[in-house]
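On a predicted model such as this, the values are computed, not experimentally measured, just so you know.
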Amino acid sequence: MVIRLIRRLVRLVVPYRKDLSLAWSTIKGRKGGFVGSFVAIAAGSAVITACGILLMSGLSTGVTPERYSGTAVVLSAEQSYWLDESSEVRYSERVTLPADKVAAVAAVPGVQSAVGDLDVQVSVVTQDGHAVGGPDGFPVFGHGWSGAALGPFTVGTGKAPSAADEVVLDADLAARAHLAPGATVRLVVGSVASSYHVVGIADPPAGGLARQGAVFLTDDQARKLSGRPDRVDAIGVGAAPGVTPAELAKRITAAVPGLVAHTGAERGDVEFLDVGDARSLVVESSASFGGTMVLIVVFVVASTLALSVQQRRRELALLRAIGATPKQIHWMIGAEMTLVSLAGAVVGMIPGIVLAFGMREVFILADAMPPDFQMEIGWVPFLASLVLCMVSARLGGWLVARRVAKVSPVEALGDAAIEPKKLGWVRLTIGVLLIPLGLLLTLNNVAVSGDSAADTAASAVLLFVVSVGCIGPLLFRGAIAVFGRQLNRQSKAHGFLAQANARANSRRLSTAATPLAMGVTLAAVQVFGASTTIAAGQDQMEAGLRADHVLTASSGAGVSPEVVDAVRGVPGVAVVTPVARMQVLLTFPSEDSTATKVYAAQGVTPDRLSDTMDLQTIDGDTAQLQGETVALSRVVAETVKAKVGKTIDLRLGDGTVIKPKVVATYERGLGFGDVTLPNDLVVAHTTARVDAAVLVKAADGTDKKALDGALRGALDRYPTVKVGGQDAFETAPGSGGTGDWALNLLFQTVLLGYIAIAVVNTLVMATAARVREFAMLQLIGAKPDQIRSMMNGEARIVVFSALLFGLLATAPPLIGISLGLTQSPVPSVSILGLLAIVAITVALSWGSIAMATRFAMRPAPIDAIGGRE
């Protein structure tokens with residue numbers, strides 16, 4: 001099928017086979033002219049292949065199930081909120097099922113067994129106080145003994161638990177903790193420690209447990225520790241003989257509503273929530289970025305081809321003069337692009353595999369993908385890359401061949417002598433109109449701020465980028481006229497030549513400088529937009545955090561509500577504020593429909609909240625945060641058009657839908673979270689039912705060091721809770737954090753890396769093609785150093801122009817982002833980021849021109865002057 005598809009593709013893009021022979025002859029005779037196109041296509045193929053591998057991996061792989069490996073089907077609740085048929089948002093907490101669903105599933109024909117399973121995160125502490133976790137730092141989970149059959153686990157030594165204080169450990173966990181039947185172990189659930197007798201060691205299923213430790217209790221004790229005795233996390237189903245998993249899944253979902261069936265590798269998504277989250281994120285981001293890259297590849301390839309065709313103006317004009325028809329010119333260029341794109345696409349596939357695994361590592365560093373997430377390398381990404389690259393090249397070739405093909409033979413010969421000065425009226429009109437449109441979007445944010453305002457300002461950068469791409473030659477011609485003399489005033493003769501050359505060949509220079517300016521704009525918005533958000537979040541948190549001590553959990557399992565009561569009784573403690581966290585989904589009217597966005601939320605107690613956490617209230621009163629109420633940051637309130645006294649539609653982290661009443665709005669959402677809810681409401685709907693931190697404010701006149709010691713003494717019975725200062729309290733996830741920005745930076749780096757390759761490629765092509773010009777200058781008396789000095793002058797013009805227009809295009813979006821998020825028109829500009837952008841711009845342009853100049857001057861002038869143009 002693949003071979004048949006390739007044959008049809010070749011027949012589609014190359015109407016006649018004889019054109020291939022002619023195209024191959026042209027390519028062999030002009031290798032240098034086609035190297036640039038080859039490099040652009042190969043680099044594009046690498047990026048598209050990498051995105052394809054990530055997309056297919058997200059769709060079809062994940063992590064192999066461990067405790068559920070003995071099941072045919074695993075049933076769960078819907079863990080995502082579907083925005084439409086193809087777009088979803090994952091809930092941050094586990095969505096549970098009613099326990100009575102187990103009996104309903106067991107009654108379905110073809111079900112041999114149905115077992116409800118519970119996951120309770122625990123910390124294992126031995127008698128000597130040593131804490132033991134899962135393998136490679138993964139957590140340990142407690143389960144009811146009935147769930148052992150899903151592995152299946154079998155008792156290797158000892159017996160199954162039968163009393164509330166008895167546990168069975170998996171063999172690897174027991175070995176790491178040096179525990180055997182008869183020993184005593186403390187299990188910490190949340191922050192509360194209890195002693196248990198080890199009565200057995202369970203042998204894990206084939207393959208063992210690579211990303212968790214398992215502790216088995218009685219079913220009643222597991223339900224008690226979970227805090228949700230009437231709920232289960234998942235249902236593991238065994239199939240009767242002769243019933244396939246796929247068939248059984250269909251039967252169950254048809255008979256029992258409200259269940260999502262998982263078979264094969266998807267069972268791991270239920271067992272490990274981070275795998276399902278990673279799968280969704282990988283699919284969405286790789287598909288989105290891959291689509292963007294296809295458009296960029298078309299633009300870059302078309303730009304490279306335009307320069308290549310421009311360098312062949314005389315040749316193509318001569319072909320038109322001797323009778324070549326426009327169709328023949330199109331066929332010739334199309335055949336050339338078919339061969340070049342085929343070779344480039346194939347060569348770029350191998351680097352694409354390396355790039356895919358490199359992008360995977362960034363996902364892991366950003367905590368967006370587990371380290372053991374599997375990658376799949378199939379033939380689909382390679383075929384897609386081949387098709388897209390060839391179609392992109394053919395489209396680019398058609399675009400650049402239009403002008404040459406439609407000009408009459410006489411006009412073609414005359415036009416080939418000089419570079420065209422005027423831009424097409426369509427291109428000029430689009431470029432000019434996009435500038436006021438981008439400014440309008442940015443200025444609109446002054447009147448209408450909020451989260452959507454910042455998003456609109458960030459997307460306005462695309463309008464400025466496209467505008468620069470359209471009117472780039474005109475802009476650079478103006479920059480040469482205004483700044484050319486000042487940039488080269490130190491060397492009058494060489495500077496004059498550089499300015500004159502740049503003015504006469506502004507179209508050629510802008511072909512390389514325009515993508516460079518676009519890269520500067522995209523990089524600056526990404527870097528400075530991130531620095532503005534992160535700096536604002538840190539400033540808000542530092543200004544609003546009033547607590548003297550912060551209690552957190554060393555194991556990452558959270559702080560139990562019992563700790564709050566224990567701390568309140570410590571002498572010298574004035575205010576105690578527990579802080580729980582989750583992500584919520586807020587649905588609000590948007591134009592003619594509705595929109596849903598994800599926001600970081602916190603749960604706090606309202607009593608004297610401003611003494612520990614000053615949210616800088618704008619309207620209303622946070623003291624009313626009780627029951628189903630909510631306080632919103634200014635950014636969110638303006639985005640969803642919510643006012644104090646009104647209700648909003650909110651989905652909590654576990655999917656529960658509520659309509660809380662807005663009781664206050666506040667300014668410091670970037671530091672503490674955009675949505676603030678009552679603490680008990682948030683804790684009840686988190687997976688672990690714990691707080692992320694507890695803020696403690698000392699009473700006036702209390703010695704802070706003495707209070708620190710008193711707090712540690714009161715927390716002795718909570719072995720995982722530690723006392724820290726204000727630096728232990730972190731900004732809200734997604735509010736000035738680095739996870740999302742790390743992924744954005746990854747995709748921007750790949751995008752800018754491709755643009756950088758295109759810039760270097762174009763500059764080298766444009767400079768290396770000037771062999772005869774350099775030879776002529778040397779024959780009339782110019783020395784090699786003087787020519788290099790002239791090219792340095794051109795490089796200064798290119799660098800200055802790219803930085804000037806790139807940074808100017810950055811200013812409006814950054815002002816809009818800053819206004820939307822902080823109400824200040826001054827964004828936070830990272831000096832190191834600015835220096836990096838300038839340094840990379842100089843290295844790319846100056847280095848490319850210098851290298852290509854040395855290469856072009858290698859032949860002897862007398863030989864070069866008589867060579868092919």
Side-chain angles (χ1 to χ4, degrees), residues 190-191 536-582 600-617 621-626 631 633 664 666-683 686 690-716 718 720-733 735-737:
S191 306
Q538 291 291 342
D539 291 344
Q540 289 183 8
M541 198 223 17
E542 292 173 3
L545 188 59
R546 304 291 176 80
D548 299 307
H549 301 279
V550 178
L551 311 183
T552 55
S554 57
S555 62
V559 183
S560 292
E562 291 89 344
V563 174
V564 177
D565 296 330
V567 171
R568 283 199 174 108
V570 175
V573 172
V575 183
V576 178
T577 303
V579 182
R581 281 177 170 163
M582 66 167 49
Q602 64 174 356
V604 299
T605 52
D607 183 34
R608 298 179 63 182
L609 177 63
S610 60
D611 288 348
T612 56
M613 178 191 297
D614 183 7
L615 298 175
Q616 195 174 350
T617 303
D621 188 2
T622 56
Q624 300 179 24
L625 278 172
Q626 297 176 354
S633 71
Y666 55 91
E667 181 62 35
R668 293 177 175 146
L670 287 174
F672 295 97
D674 286 310
V675 177
T676 299
L677 295 159
N679 179 262
D680 55 353
L681 179 63
V682 174
V683 169
T686 57
V690 293
D691 293 302
V694 176
L695 306 181
V696 179
K697 180 68 175 179
D700 294 339
T702 302
D703 182 82
K704 293 183 180 179
K705 289 187 178 179
L707 179 58
D708 183 272
L711 289 173
R712 295 180 189 275
L715 297 174
D716 281 343
Y718 303 108
T720 59
V721 179
K722 59 182 181 179
V723 181
Q726 290 187 345
D727 55 348
F729 191 76
E730 300 178 354
T731 56
S735 302

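In this structure, Leu711 CG and Asp716 CG are separated by 11.0 Å, a value rounded to the nearest 0.5 Å. The OG1 atom of Thr617 sits 11.0 Å away from atom CD of Glu667, with the distance rounded to the nearest 0.5 Å. In this structure, Tyr666 OH and Met613 CE are separated by 9.0 Å, a value rounded to the nearest 0.5 Å. Note that CG of Asp727 and CE of Met541 are 9.0 Å apart. Values are rounded to the nearest 0.5 Å. Thr702 OG1 to Asp708 CG: the interatomic distance, rounded to the nearest 0.5 Å, is 13.0 Å. Here the CD atom belonging to Gln540 is positioned 10.0 Å from the CG atom belonging to Leu615, to the nearest 0.5 angstrom.
A 4.5 Å side-chain heavy-atom check between Leu545 and Leu695 finds at least one atom pair inside the cut-off. The shortest distance between side-chain heavy atoms of Lys722 and Thr552 falls below 4.5 Å. Put simply, the side chain of Pro606 reaches to within 4.5 Å of the side chain of Gln626, judged on heavy atoms.
Open room surrounds CG on Asp700; 12 or fewer heavy atoms of other groups in view lie less than 6.0 Å from it.
What you find for Asn679 and Pro578 is that their closest heavy atoms are ND2-O, 3.4 Å. When every heavy atom of Leu707 is checked against every heavy atom of Gly572, the shortest pair comes out as CD2-O, 4.0 Å. Minimum interatomic distance between Thr720 and Gly190 (heavy atoms only, all atoms of both residues): OG1-O, 3.6 Å. Taking all atoms of both residues into account, the shortest heavy-atom contact from Thr686 to Met582 is CG2-CE, 3.8 Å. Scanning both residues, Ala580 and Val683, for their nearest heavy atoms gives CB-CG2, 3.7 Å. Taking all atoms of both residues into account, the shortest heavy-atom contact from Ser191 to Val563 is CB-CG2, 3.7 Å.
Asp680 pairs by the side chain to side chain contact (heavy atoms under 4.5 Å, CB included) definition with Pro678, not counting sequence neighbours. With sequence neighbours left out, Arg568 forms a side-chain hydrogen bond (donor to acceptor under 3.5 Å, both in side chains) with no residue at all. A search for side-chain hydrogen bond (donor to acceptor under 3.5 Å, both in side chains) contacts involving Thr612 returns Thr577, not counting sequence neighbours. Partners of Gln602 according to the side-chain hydrogen bond (donor to acceptor under 3.5 Å, both in side chains) rule, which considers only residues two or more places apart in sequence or in another chain, are Thr676. With sequence neighbours excluded, the residues satisfying side-chain hydrogen bond (donor to acceptor under 3.5 Å, both in side chains) with Gln616 are Arg668.
The backbone N or O of Ala547 sits less than 3.5 Å from a side-chain atom of Gln726, completing a donor-acceptor pair. Under a 3.5 Å cut-off, the side chain of Asp691 and the backbone N or O of Val694 do not form any donor-acceptor pair.
Under the salt bridge (Lys or Arg N to Asp or Glu O under 4.0 Å) criterion, the residue pairs touching residues 600-609 are Arg608-Asp611, with sequence neighbours excluded.
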### Query
Does the pair Leu551 and Val723 meet the rule for a side-chain contact (heavy atoms from CB on, under 4.5 Å), with working shown?
CA-CA 5 Å; Leu551 311 183; Val723 181; 3.7 Å; yes
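At least one test fails for Arg546 against the ring of Phe672: distance under 6.0 Å to the centre or angle within 45° of the axis.
Considering Leu609, Val604, Asp614 as possible partners of Thr622, the one that fulfils the side-chain contact (heavy atoms from CB on, under 4.5 Å) test is Leu609.
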